[in-house]
Amino acid sequence: MATTNDPIRQIFLAGIGALAIGAEKSQQIVDQLVQKGKVTVDEGKAMSEDLSSQAEQNFDKVRSEIIEAHMRTMTKEQRDEFAAKVADMAASIDAADQLQVEQQAEVAAAAATEAK
């Protein structure tokens with residue numbers, strides 16, 4: 001279990017914080033440009049969408065790099081155990097998603113029956 005002194009965790013949190021601050025400051029700049037009339041509202045929205053997309057890509061890259069760096073510190077057995085644990089988590093989430101879809105379909109069918 002990761003502790004607060006875990007360097008991988010600290011690097012991850014620092015990266016997330018930097019990305020969040022960068023995205024927030026960028027959004028503030030776009031908002032100021034729109035308010036000052038330097039860009040149109042539509043241009044501001046497009047800029048915001050581009051910034052969000054870039055931030056998401058950067059976050060994905062940082063997350064992948066951190067996971068890879070952490071895995072490099074593991075033995076083969078630890079990596080295999082980690083991969084199995086992630087696969088189990090993914091299967092559990094997939095099952096929960098499927099259950100939610102089925103429940104929504106049942107609710108929709110019941111509502112359609114009541115509407116008749």
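Just so it is clear, the structure is predicted and the values come from calculations on it, not from any experiment. Counting begins at 1 with the first residue of the sequence.
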> Taking atom CE of Met47 and atom CG of Asp31, what is their separation to the nearest 0.5 Å?
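Rounded to the nearest 0.5 Å, the CE-CG separation comes out at 11.0 Å.
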> Indicate every side-chain donor-acceptor pair of residues 76-90 with a distance under 3.5 Å to a residue at least two apart or in another chain.
unit_1	atom_1	unit_2	atom_2	d
Lys76	NZ	Asp80	OD1	3.2
Lys76	NZ	Asp80	OD2	3.0
Gln78	OE1	Thr75	N	2.8
Gln78	OE1	Thr75	OG1	3.4
Arg79	NH1	Met74	O	2.8

> Mind checking side-chain contact (heavy atoms from CB on, under 4.5 Å) for Asp94 and listing every partner two or more places apart, or none if nothing turns up?
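If we apply the side-chain contact (heavy atoms from CB on, under 4.5 Å) test to Asp94, skipping adjacent residues, there are no hits.
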> Can you tell me how far the CD atom of Gln54 sits from the NZ atom of Lys61, to the nearest 0.5 Å?
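Interatomic distance, Gln54 CD to Lys61 NZ, rounded to 0.5 Å: 12.5 Å.
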> For Asp50, which residues count as a side chain to side chain donor-acceptor pair (under 3.5 Å) partner, sequence neighbours excluded?
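Residues passing side chain to side chain donor-acceptor pair (under 3.5 Å) with Asp50: none at all.
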> Do side-chain atoms of Ser64 reach the backbone of Asp60 as a donor and acceptor pair under 3.5 angstrom?
yes
> Please output the side-chain donor-acceptor pairs of residues 98-115 that fall under 3.5 Å, not counting sequence neighbours, one pair per line with the distance.
unit_1	atom_1	unit_2	atom_2	d
Gln98	NE2	Glu102	OE2	3.2
Thr113	OG1	Ala109	O	2.9

> Of all residues at least two apart in sequence or in a different chain, which pass the side chain to side chain donor-acceptor pair (under 3.5 Å) check with Asp42?
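In terms of side chain to side chain donor-acceptor pair (under 3.5 Å), with neighbours along the sequence ignored, Asp42 is linked to no residue.
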> Is it possible for you to say whether Ile67 and Ile93 belong to one hydrophobic cluster, with membership spreading through side-chain heavy-atom contacts below 4.5 Å?
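Per the 4.5 Å side-chain linkage, Ile67 and Ile93 are not co-clustered.
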> Would you please name every residue forming a side-chain contact (heavy atoms from CB on, under 4.5 Å) with Glu68, sequence neighbours left out?
Arg72
